[in-house]
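Presented below is the structure to which this report refers.
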Amino acid sequence: MNKYDAIIIGGGHNGLVAAAYLAKAGKKVIVLERRHILGGAAATEEIYPGFKFTVFSYVVSLLRPEIVRDLNLPKHGLTILPLESTITPLPDGDYLYRDIDHHRTLRNIARFSERDAEAYEEYSRSMYFMAKAVKYILGIIPPDPTSLKPKDLLGLLEMSKHFLGIGEEQFFTLFKLMTMSSADFLEEWFETDPLIATMSASGIIGTFLGPRSPGTAYVLLHHYMGEIDGVFRAWGFAKGGTGAISNSIAGAAREFGAEIRTNAPVSNVIVKNGKATGVALENGDEFLADIIISSLDPKLTFLKLVEENDLPSDLVESIHKFKIRGSSGKVNLALDALPDLSCIPGPGPHLRGAISISPSVDYIERAYDDAKYGEISKQPYIDVIIPSMIDPDMAPPGKHVMSCFVQYAPYELREGTWEQRREELGDNVVNALSEFMPNIKDIILHRQVLSPWDVEQSIGLSQGNIFQGELSLFQLFFLRPASGYAKYNTPIRGYYQCGSGTHPGGGITGTPGRLAALKILKEIN
Amino acid sequence: MPIPTPFHAKTSALTASHEWSNWSGFLAAVMYEPYHEHEYYSIRNSAGLLDVSPLYKYEIKGPDAVFHADRIMTRDITKCEIGQIMYTPWCDEDGKVIDDGNIARLGKDHFRITAADPNLRWFQDCGYGLESEVVNVSDELAALALQGPNSRKILKEIVVGADLDKLQYFWLTEAKIDDFPITITRTGYTGDLGYELWVHPKQAERLWDIIFETGTNYGLSPFGLAALDMARIEAGLVLIEVDYNSSHKAVIESQKSSPYEIGLGWAVKFGENKFIGRRALEEEKVQEPEWTFIGLEIDWVDLESLFSRKNLPPQVTGRASRAALPIYLQSDHIGQATSITFSPLLKKYIALGSVRTNAAKIGTPVKLEVTVEYTRQAVDAVIVKPKFFNPKRKRSLGTDE
Ligand SMILES: Cc1cc2nc3c(=O)[nH]c(=O)nc-3n(C[C@H](O)[C@H](O)[C@H](O)COP(=O)(O)OP(=O)(O)OC[C@H]3O[C@@H](n4cnc5c(N)ncnc54)[C@H](O)[C@@H]3O)c2cc1C
């Protein structure tokens, strides 16, 4: 009989983290993953012979140190290699380069504005304090706010002020971060367009918003979150791609006794008298357990895996409204040689970092304009890394792989389907790159283009939203995914959630998986 | 004033950091880039290249060479085969360590020794009455350490006349690169797969260029002493003047150590061999040495909490620290951590050190002194084996993979 203490639906990194913690606590656990490989959005595949693509996610920045320690992930193969620089090439042949060499970075910014170079340090300091406040929130199970009844944003912020014990001035900055657009927020500090553009880009990742849309400033904070952990920070490229992170977590889970099955798509959760009792696979196999945990996004967790009439109608309505618009694509390239940047020709350490195609705020905003009306950005924002420059094992000797994260690629196209227009996205990306890398078209051996629709098809993320739901204020903390169900619980007894659609949200953090497991263990022990 | 090594034209062109240290009177790059993390990872992730020319190199030759070398070394040199290398300490008459290094048997009556300190006089004196000579060949050999998981792949592309897949850990082979002769030893100071390459100084620059040409495809990076120090602490390898003092330099008796006290008891062999210090060490072995060489794992959560009381993130040196710190068991001072580093690979804050043998049990919870915002604090730590990282590839053959 397939009887377990807990069943985890989905073998993405959060499902695996939950499994590892539960198994570590002595529970009999099974993970059921639909695909042939583990990892979900954190997966590495050899798409072209000899070339390993970090297919979806590509950098790691927020994987929590406590998870690395609790599960001893380095023992299971996790190695985070440094990613030390960001270069923003500009159309006039110039560039903005920032790296780990503090003074060089300031000199580089000062070429554009001496004031900005000085503000850069102050800005980092200010963000550090903010990140410190927010880090606390990221590590806790969201408290129940109903007693405080924050009806609006201000109430919510007042409450965080209360929680975090921060002063007036910091509260004010936090308020701005929560409400302003990333471009506006940064313009209060800086005047250099490519600097503002490149920094604001991190605020739009995974959202269907532009750098000038309010609410995008908050994500800027995440970049400073690592600072709080000192040398323990996990900012970089995982050796072997992000799939290696998932595999290391799976290794830990197995060592603690968890069972992990691939090619095991779950069709539904079995619910009897308001209580979850097991799951059924698409092939009809059944697995039983008192605890069923879904790591899928909120739409699938509530609207596909269970029957709507097992749920209260207000929840069904909130989940229908939950914003999960896909806006990003991914283009992975196998390259015959290194790309040459026209601003700094030849090889060099700048190719070991990020290359950001974000020459101006207008450039990104225009890319967003296309998407607003259902068009693929003609000149997209692209975040490029060359994994093989960081981990040479990703490609054959002398060859390279390039990972291009692209915005915008709207899930809903005004005309045609993604199946018909997929390669157009690839063309726009390569064309945009060739403005700055003249040799790029000549060195492409293979191109993999993933639209949001493809992301949905392959790993199930609804509408291809990379974070299982946008990271907007109204979908965060105790509102993620819905008021009253932010503590990893559901209205169905024994049925829980642990994916990025829960607090604290998307990205490779492992936190939803960990907090869910800890919450469940507390409930049952 | 330190002088250049045979690789200086190459290394100095790459030393963007301009950070040099003085290694035995030679200019040695501390790091090439402004920050050493990439260099450190090259050792563990791809391949790194270190100029080790400043090592002292001696040869012992002559019909009594075996006998001579055996008198010096605590390992059983009579068992060292031609082509084999032994890592070993050497001691004074009281069994206290003078230095440690590698001894390679190049021929029947021919050895080469690498040492951290000048040892000519000592080695010559040890050969009193024997038909053998000791020569300092330091200036006749330029040396590079090529270390890391991709080191074999790089060498295989450039070396002719040797089967590197079959070259075992701590063995050597003669070969050719381009058209010049080279000695390749499967040795290093990183605890990883790696090789050391020995050539005539006039080939030095050419060797550097050839390795780089091929190495670039395998993620090769030059690395300096900062990265080396972190790697050798992970590997649990002792460093003279840091983890122990040469008995020839100690000012007071208690500064001296026996091999047992610095984790090299395994390299003391009581067989047919007759080495200086043997009698003292035989006695010490029965009695149990006063000190034991240990590893420490410092509790990161406790460290974080010490700093967070001051509202600070945990601050530890980005590089390895050689400032010794006292170790306590309850309130007793039981020893000291002598080499400390955060291991980016293992994500652990680790140290090497010595504690009194009666307190050295693996798993013993102890306290290590740390300074938090000018105040002395004690952080939780646990005694572990002094070997934090020991990958299979360090010893495995190319044919195993
Ligand atoms: C293109 C892209 C780029 C990104 N870039 C980054 C980045 O650089 N850095 C970063 O930190 N984050 C990035 N992210 C976000 C990050 O990867 C995700 O937030 C995170 O990996 C989600 O993990 P998860 O475990 O919560 O969910 P998922 O990874 O979505 O895991 C869900 C799993 O469930 C499986 N599944 C689906 N349906 C079923 C079913 N019916 N039965 C069984 N199994 C099922 C899926 O196959 C999948 O393995 C990116 C995401 C994408 C898509």
Side-chain angles (χ1 to χ4, degrees), chain A residues 63 65-75 77-85 99-105 128-129 131-132 135-136 165 226-240 337-338 347-349 352-353 388-400, chain B residues 14 16-18 31-42 44-47 148-150 153-154 156-157 212-221 230 234 297-301 303-304 307-308 311-319 341-350 388-389 391:
Chain A
L63 182 62
E66 55 269 25
I67 296 175
V68 174
R69 274 194 302 268
D70 289 348
L71 305 180
N72 198 357
L73 297 183
K75 180 185 158 197
L78 178 75
T79 304
I80 309 282
L81 301 168
L83 198 70
E84 295 170 338
S85 65
D99 75 355
I100 195 154
D101 184 338
H102 185 68
H103 293 285
R104 177 161 62 196
T105 298
Y128 166 79
F129 287 118
K132 211 161 119 177
K135 181 196 165 191
Y136 168 75
E227 301 297 317
I228 295 139
D229 303 311
V231 287
F232 219 108
R233 73 184 181 285
W235 165 241
F237 179 79
K239 184 170 175 59
L338 263 185
R352 294 199 313 247
S388 48
M389 278 295 284
I390 311 162
D391 174 7
D393 298 345
M394 297 295 285
K399 314 277 178 207
H400 290 278
Chain B
L14 294 170
S17 72
H18 295 287
M31 58 184 77
Y32 287 87
E33 297 184 23
Y35 193 62
H36 58 282
E37 205 174 356
H38 175 71
E39 296 172 30
Y40 159 83
Y41 274 113
S42 73
R44 298 291 185 229
N45 170 51
S46 48
N150 286 347
K153 288 183 200 150
I154 296 171
K156 277 172 70 173
E157 284 198 22
F212 257 85
E213 234 165 77
T214 303
T216 309
N217 289 343
Y218 293 94
L220 179 75
S221 162
M230 293 165 77
E234 290 172 343
E297 251 181 57
I298 295 140
D299 187 328
W300 189 262
V301 176
L303 189 75
E304 245 174 0
F307 277 94
S308 76
N311 222 354
L312 287 170
Q315 289 160 350
V316 300
T317 66
R319 301 184 192 182
T341 192
F342 184 81
S343 164
L345 184 81
L346 306 172
K347 296 269 176 223
K348 281 181 181 166
Y349 194 32
I350 56 173
F388 301 94
F389 182 68

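We name chains A, B, ... by the order of the sequence lines, and we start the count at 1 in each one.
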**Q.** Heavy-atom pairs under 4.5 Å with chain A, option from B:Phe342, B:Tyr349, B:Tyr35 with the top count
**A.** B:Phe342
**Q.** Largest heavy-atom contact set with chain B, pairs under 4.5 Å, which of A:Lys239, A:His400, A:Lys75, A:Arg352
**A.** A:Arg352
Q) Do B:Lys347 and A:Pro65 come within less than 4.5 Å of each other through their side chains, counting heavy atoms only? A) no
Q. Under 4.5 Å between any side-chain heavy atoms of B:Val301 and A:Arg69, yes or no?
A. yes
Q) Nearest 0.5 Å, what's the CD1-NE2 distance between A:Ile390 and B:His38? A) 9.5 Å
(Q) Can you tell me how far apart CG (B:Leu346) and CG (A:Leu73) are? Round to the nearest 0.5 Å. (A) 12.5 Å
Q: Nearest 0.5 Å please: distance from the CD atom of B:Glu37 over to the CD1 atom of A:Ile100.
A: 6.0 Å
Q | 4.5 Å side-chain heavy-atom contact, A:Thr79 and B:Asn45 | A | no
Q.
Give me the atom names and distance for the closest heavy-atom approach of B:Leu345 to A:Pro74.
A. O-CB, 3.5 Å
Q | Portion of A:Glu84 that has a non-hydrogen atom of chain B nearer than 4.5 angstrom | A | side chain
Q. Would you find a donor on one side and an acceptor on the other, under 3.5 Å apart, between the side chain of B:Tyr41 and the backbone of A:Ile80?
A. yes
Q.
Taking side chain as everything from C-beta outward and backbone as N, CA, C, O, which of these in A:Leu78 sits under 4.5 Å from a heavy atom of chain B? Side chain, backbone, both or neither.
A. backbone
Q: Tell me, for A:Asp393 versus chain B, whether the close heavy atoms (under 4.5 Å) come from the side chain, the backbone, both or neither.
A: side chain
Q) Do you know which two heavy atoms are closest between B:Asn217 and A:Pro392, and how far apart they sit? A) O-CB, 4.4 Å
Q. Distance-only, no hydrogens or angles: does the A:Asp391 side chain make a donor-acceptor pair with backbone N or O of B:Gly219 under 3.5 Å?
A. no
Q) Do B:Pro313 and A:Tyr128 have side chains that get closer than 4.5 Å, going by heavy atoms? A) yes
